[in-house]
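Beneath this line is the structure, given in structure tokens, with notes to follow.
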Amino acid sequence: MEKKNRILVFGGTGYIGKNIVKASVSLGHPTLVYTRPLNSQTCPSKTQLCNDFNSMGVTLVQGELQHDQILKVIKQVDIVICALAYPQVMEQLKIIDAIKVAGNIKRFIPSGFGAEEERINPLPPFQAFLDKKINIRREIEAAGIPYTSVSANCCAAYFVNYLLRPYEKRNQIVVYGNGEAKAVLNYEEDVGMYTVKAANDPRTCNRVVIYRPPKNIISQNELISLWEQKCGYTFGKAFVSEEEIVKRSQTLPPPDNIPVSILHSVFVRGDFTGFEIGEEDLEASQLYPDYNYTSIRQLLDIFLVDPPAPASAAFG
Ligand code: NAP
């Protein structure tokens with residue numbers, strides 16, 4: 001029988017990370033999660049998730065992001081996937097160092113999971129955010145570590161909650177810009193599955209994989225109209241002009257200026273669909289045509305019946 005790669009996930013208890021861990025287990029990989037030590041201060045939801053991981057057969061390794069500790073664990077696995085939170089992106093330099101020293105890692109996926117960092121030109125706060133991720137890509141290349149960069153575009157449940165706010169009783173929906181720009185909204189579970197598949201795929205070595213499945217390309221106006229059909233209700237729209245969004249990106253203090261700059265890039269300018277996927281590019285639904293991803297229509301059905309809880313953090 002084919003021996004499955006052992007996968008280590010940093011940030012595996014996080015919003016994106018937990019979906020990667022679940023996908024890794026469901027695809028039969030021995031799966032390890034490196035997490036900060038659990039103690040009496042740990043929030044109950046993380047403790048519960050760690051208990052769930054234990055019962056799924058995940059090996060939890062508790063430790064700090066410290067060279068000797070992470071080196072020891074990295075030596076025991078084949079693939080490292082990092083889904084650390086955005087403020088910890090530069091901490092990945094420690095993981096890169098340890099992977100370099102260990103010398104056994106077949107593939108590293110750094111914490112990206114958003115825009116294709118090198119193919120958009122957003123407002124300065126979002127560009128500064130992406131610059132850190134680009135720096136990490138350069139460091140990985142310089143270290144000669146086999147890697148795959150993942151451009152997962154927008155997390156669908158996250159942005160459906162943000163844009164449509166199905167939890168709130170409201171009769172108006174806020175629209176950024178004129179609502180016509182096309183975004184890509186991918187369900188978080190699919191982000192996890194595509195990421196684990198890409199991590200094991202020889203075709204994706206030292207490449208960028210873009211998650212742009214055709215049924216998930218949608219504008220705000222289309223999303224609202226689909227939601228109206230599903231719930232049988234017509235919402236009013238409150239438009240926020242591009243000028244206002246740009247102004248907010250210039251006047252809000254960091255890091256609050258980042259989310260508005262992301263909104264501008266994704267939903268006003270349509271940056272995430274603003275470049276063609278050419279023959280040279282790798283797109284997830286084309287790489288894995290047999291994987292039945294959740295379309296936006298199907299996701300809205302999930303929202304009608306059993307809505308995924310809104311994430312507390314601002315995106316990024
Ligand atoms: P998150 O849930 O905020 O955090 C992920 C993990 O990072 C946590 O579970 C925690 O792991 C670790 N962490 C958090 N704070 C830390 C600290 N102070 N020191 C050390 N470790 C810490 O992250 P996320 O929102 O999933 O983001 C992961 C990646 O996805 C980022 O690159 C982000 O930019 C991207 N993202 C993309 C989208 C999108 O729509 N495309 C949406 C959200 C995020 P432990 O507690 O287990 O140590």
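Nothing fancy with the numbering, it's 1 onward along the sequence. All values derive from a computational prediction rather than experimental measurement. Each ligand, and each atom within it, is numbered from 1 in the order the structure gives. In what follows, every heavy atom counts, from backbone to side chain, and hydrogens, waters and symmetry copies are set aside.
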| task | Of the side chain and backbone of F129, name the one, both, or neither that has a heavy atom under 4.0 Å from an atom of ligand 1. | result | side chain
| message | Please classify the Q88 to ligand 1 contact at 4.0 Å (heavy-atom distances, strictly less than): side chain, backbone, both or neither. | response | side chain
| query | Any side-chain donor-acceptor pair under 3.5 Å between T195 and Y211? | reply | yes
| said: Are there over 12 heavy-atom neighbours, none belonging to K215, within less than 6.0 Å of that residue's NZ? | reply: no
List, one per line, each side-chain donor-acceptor pair under 3.5 Å for residues 17-25, sequence neighbours excluded.
residue	atom	partner	partner atom	Å
N19	ND2	Y15	O	3.0
S24	OG	T31	OG1	2.7

| task | Give the single entry among A85, S151, P87 that approaches atom 23 (O) of ligand 1 most closely by any heavy atom. | result | A85
| Hydrophobic cluster identity match, I96 and L84, side-chain contacts under 4.5 Å | yes
| request: Could you tell me whether G12 and ligand 1 have an N or O pair separated by under 3.5 Å? | output: no
| message | Residue-level breakdown please: for A83 versus ligand 1, do any non-hydrogen atoms fall below 4.0 Å on the side chain, on the backbone, on both, or on neither? | response | backbone
| request: Could I get the full list of side chain to side chain donor-acceptor pair (under 3.5 Å) partners for Q69, not counting sequence neighbours? | output: Y34
| said: Does the Lys NZ or Arg CZ of R138 fall within the cation-pi geometry relative to Y147 - under 6.0 Å from the ring centre and within 45° of the axis? | reply: no
| query | Does ligand 1 have an atom under 4.0 Å from some heavy atom of K133? | reply | yes
| said: If the cut-off is 4.0 Å to any non-hydrogen atom of N153, which atoms of ligand 1 fall inside it? | reply: 39 (C), 40 (O), 41 (N)
| request: Go through ligand 1 atom by atom and flag the ones less than 4.0 Å from a non-hydrogen atom of G14. | output: 2 (O), 5 (C), 9 (O)
| said: Within 45 degrees of the ring normal and closer than 6.0 Å to the centroid, is that where the cationic atom of R165 sits relative to Y162? | reply: yes
| query | Can a non-hydrogen atom of E91 be found less than 4.0 Å from any atom of ligand 1? | reply | no
| field | C154 touching ligand 1 at heavy-atom level, < 4.0 angstrom | value | yes
| request: Could you point out which residue of K4, R6, K3, H29 forms a side chain to side chain donor-acceptor pair (under 3.5 Å) with D78? | output: R6
| query | Which is closest to atom 46 (O) of ligand 1 in terms of heavy atoms, Q62, K46, E64, K18? | reply | K46
| task | Check each of L84, V266, I262 against atom 27 (O) of ligand 1 and report the one with the nearest heavy atom. | result | L84
| task | Give the numbers and elements of all ligand 1 atoms closer than 4.0 Å to a heavy atom of T35. | result | 45 (P), 46 (O), 47 (O), 48 (O)
| Contact partition for F159 relative to ligand 1, non-hydrogen atoms under 4.0 Å | side chain
| request: Quick one: sort the Y293 and Y194 rings into parallel, tilted or perpendicular, breaks at 30° and 60°. | output: tilted
| query | Quick one: does F10 get within less than 4.0 Å of ligand 1, heavy atoms only? | reply | no
| message | Polar contacts were defined as any N/O atom of the residue lying under 3.5 Å from an N/O atom of the ligand; does this apply to G114 and ligand 1? | response | no
| said: Heavy-atom count check: over 12 atoms from other residues, nucleotides or ligands less than 6.0 Å from Q172 CD? | reply: yes
